[in-house]
Amino acid sequence: MTLIARDVTASYRRGQQVVKGIDLTVEPGEFSLILGHNGAGKTTLLNTLYGTQHLEAGSVTLNGVELAPGTRSRVENGVAFVPSEDAVIPNLTVRENLVVAATAVPRRASRDGQAAIKAALEWFPDLDAKLGSRTRSLSGGQRRMVAIAMALAQRPSYLLMDEPSLGLAPSIVDELFEKLAELRSSLGLATLVVEQTARTTLLSADHIHVIRGGEQAFSGTREEFEKHDLWELL
Ligand SMILES: Nc1ncnc2c1ncn2[C@@H]1O[C@H](COP(=O)(O)OP(=O)(O)OP(=O)(O)O)[C@@H](O)[C@H]1O
């Protein structure tokens, strides 16, 4: 399944586009990174790809089939989303959050909360001791792991993540990206990650897209990005 976005355009106010004609392609198992300054339009782009933001112009297709407006078409076709803000339910335990995620999407999820918990613990063994804890008592890094495990409980082919490093210590960010690399190779999961600056995360990216003022300032492989020393775009 290939995810192709063509000429993706979005705005919050008529005539004021904040995402302007973005093109990108993500192949199965690939890691693509969207980089850009504060306010560049990265979150709006990701929300538009996921269907929570109106697609003003352009198209988003999976395997050549255009996705209908809204998130349902994404979720049912194996696209999951981890937002930058807390995506867990604070008053529920880790176990309960995982069960909610595993059973929420009838056409995708296993319908089996136990299977989701087992898989989550394989990916994130540190959560084992926390299964009975309310997520509000966890650290930021642990909550991010639960949020990712919840998205994975939908058994996605594509994982969209908005600034997974936000608010996390650099060592936790490194750990998180190592884990994501493992998931990509073990599950064949494609990931599309938004970050503001990302020297560490860059090391494992296949493709990089730089957004500046809503426009595509660069799009290419990591090697091309590094060869042309495009850090000045950020
Ligand atoms: N709900 C909204 N209503 C109106 N304007 C918005 C809204 N959300 C974002 N914007 C504006 O759209 C532009 C792009 O914002 P967006 O959040 O997509 O950028 P970003 O690159 O993700 O920034 P950050 O790294 O700070 O999250 C900015 O000018 C922002 O002020």
Side-chain angles (χ1 to χ4, degrees), residues 3-26 30-60 67 69-75 79-88 140-141 143-145 147-148 150-151 156 158-170 172-174 176-177 180 190-220 222 225 230-234:
L3 176 78
I4 300 179
R6 284 282 165 268
D7 200 24
V8 167
T9 301
S11 50
Y12 294 99
R13 283 184 213 91
R14 189 187 290 262
Q16 292 181 24
Q17 293 170 343
V18 296
V19 171
K20 305 168 188 173
I22 303 295
D23 292 327
L24 56 88
T25 299
V26 188
E30 252 184 22
F31 174 21
S32 290
L33 192 59
I34 299 174
L35 295 173
H37 284 303
N38 219 330
K42 307 177 300 295
T43 295
T44 308
L45 170 61
L46 208 60
N47 287 339
T48 309
L49 296 178
Y50 190 57
T52 46
Q53 172 69 35
H54 174 65
L55 178 69
E56 187 179 316
S59 63
V60 183
L67 294 171
T71 54
R72 178 173 279 268
S73 60
R74 276 68 173 172
V75 172
V79 181
F81 181 52
V82 183
S84 61
E85 70 271 20
D86 259 359
V88 296
R143 280 204 298 275
R144 208 60 56 84
M145 285 177 198
I148 296 170
M150 287 171 76
Y158 280 85
L159 190 62
L160 311 184
M161 301 181 80
D162 194 2
E163 294 201 54
S165 68
L166 202 69
L168 298 183
I172 306 282
V173 174
D174 289 348
L176 194 63
F177 275 91
L180 284 172
T191 45
L192 181 59
V193 171
V194 157
E195 284 287 356
Q196 274 191 36
T197 50
R199 284 178 189 270
T200 312
T201 51
L202 250 184
L203 297 175
S204 55
D206 298 304
H207 283 98
I208 296 172
H209 307 274
V210 180
I211 309 294
R212 204 162 48 170
E215 290 177 0
Q216 198 147 5
F218 170 79
S219 190
R222 181 194 57 220
F225 183 89
L230 292 168
W231 287 107
E232 65 186 32
L233 287 175
L234 296 171

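We count ligands from 1, going down the list as the structure has it; atoms in each ligand are counted the same way. Computed from a predicted model, the values in this text were never measured in an experiment. We're numbering straight along the sequence, starting at 1.
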J.: Would you check whether Arg13 has a nitrogen or oxygen atom less than 3.5 angstrom from a nitrogen or oxygen atom of ligand 1?
T.: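 Min N/O separation from ligand 1 is not below 3.5 Å for Arg13.
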J.: Among protein heavy atoms, which sits nearest to atom 26 (O) of ligand 1, and what does the distance come to when rounded to 0.1 Å?
T.: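 Here the nearest protein heavy atom works out to Asn38 OD1, 2.3 Å.
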J.: For the backbone of Asp23 and the side chain of Gln216, can you confirm whether one donor and one acceptor N or O come within less than 3.5 Å of each other?
T.: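 At least one qualifying donor-acceptor pair exists.
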J.: Please check this pair: side chain of Arg144 against backbone of Leu166, looking for a donor-acceptor N/O pair closer than 3.5 Å.
T.: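 The answer is yes, because a donor-acceptor pair under 3.5 Å joins these two groups.
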J.: Are Ile211 and Ile34 side-chain neighbours, meaning at least one heavy-atom pair lies under 4.5 Å?
T.: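 Yes. Closest side-chain heavy atoms under 4.5 Å.
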J.: Return the closest protein heavy atom for atom 28 (C) of ligand 1 as residue, atom name and distance.
T.: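 For this ligand atom, the closest protein heavy atom is Gly39 O, 3.8 Å.
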J.: Looking at Thr43, which atoms of ligand 1 are within less than 4.0 Å of one of its heavy atoms?
T.: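 Checking each atom against Thr43, I get 17 (O), 18 (O), 20 (P), 22 (O), 27 (O).
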J.: Just by distance, no angles: are the side chains of Thr191 and Tyr158 close enough, under 3.5 Å, to form a donor-acceptor pair?
T.: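 No, no side-chain donor-acceptor contact under 3.5 Å.
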J.: Which of the atoms in ligand 1, numbered in the order shown and given with their element, are less than 4.0 Å from a heavy-atom of Glu163?
T.: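 Once the distances to Glu163 are compared, the set is 24 (P), 25 (O), 27 (O).
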J.: Please name the residue in the list Thr25, Leu192, Val193, Asp206 that meets the side chain to side chain contact (heavy atoms under 4.5 Å, CB included) test with Ser32.
T.: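 Checked Thr25, Leu192, Val193, Asp206 against Ser32; only one passes side chain to side chain contact (heavy atoms under 4.5 Å, CB included): Leu192.
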J.: Step by step, would you call Asp7 with Ile22 a side-chain contact (heavy atoms from CB on, under 4.5 Å)?
T.: CA-CA 5 Å; Asp7 200 24; Ile22 303 295; over 6 Å; no
J.: Less than 4.0 Å is my threshold; does some heavy atom of Gly41 fall inside it relative to ligand 1?
T.: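 Gly41 counts as a contact of ligand 1 under the 4.0 Å cut-off.
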J.: How far is atom 25 (O) of ligand 1 from its nearest protein heavy atom, and which residue and atom is that?
T.: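 Atom 25 (O) of ligand 1 sits closest to the protein heavy atom Lys42 NZ, 2.9 Å.
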J.: Report the residues that fulfil ring-ring contact (aromatic ring centres under 6.0 Å, His included) with Tyr50, sequence neighbours left out, ordered by chain and then residue number.
T.: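 Counting only residues at least two positions away or on another chain, Tyr50 forms a ring-ring contact (aromatic ring centres under 6.0 Å, His included) with Phe81.
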J.: Run the numbers for me: atoms of ligand 1, each under 4.0 Å from some heavy atom of His37, listed by number.
T.: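 Per the distance check, 21 (O).
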J.: Under a 3.5 Å distance rule, please check whether Lys42 uses its side chain to pair with a backbone N or O of Gly36 as donor and acceptor.
T.: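 Yes; judged by distance alone, with no hydrogens or angles, the pair exists.
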J.: Test of understanding: with salt bridge (Lys or Arg N to Asp or Glu O under 4.0 Å), list the residues that count as partners of Arg222, not counting sequence neighbours.
T.: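 Result, salt bridge (Lys or Arg N to Asp or Glu O under 4.0 Å) vs Arg222: none returned.
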J.: Within the structure, does at least one protein heavy atom fall under 4.0 Å of atom 13 (C) of ligand 1?
T.: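 Yes, there is a protein heavy atom closer to it than 4.0 Å.
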J.: Among all protein heavy atoms in this structure, tell me which lies nearest to atom 1 (N) of ligand 1, with the distance rounded to 0.1 Å.
T.: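 Closest protein heavy atom to atom 1 (N) of ligand 1: Tyr12 CE2, 3.6 Å.
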J.: Indicate whether atom 31 (O) of ligand 1 is within a distance of less than 4.0 angstrom of some protein heavy atom.
T.: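 Given the 4.0 Å cut-off, atom 31 (O) of ligand 1 does not count as touching protein heavy atoms.
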J.: Show which atoms of ligand 1 fall inside a sub-4.0 Å distance from at least one heavy-atom site of Ala40.
T.: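 Numbered from 1, ligand 1 contributes 19 (O), 20 (P), 21 (O).
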J.: With heavy atoms of Val18 as the reference, note each atom of ligand 1 found under 4.0 Å away.
T.: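 Within the 4.0 Å cut-off of Val18, ligand 1 contributes 12 (O), 13 (C).
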J.: Which residue from Val194, Thr44, Leu35 reaches closest to atom 18 (O) of ligand 1 through any of its heavy atoms?
T.: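 The nearest heavy atom belongs to Thr44.
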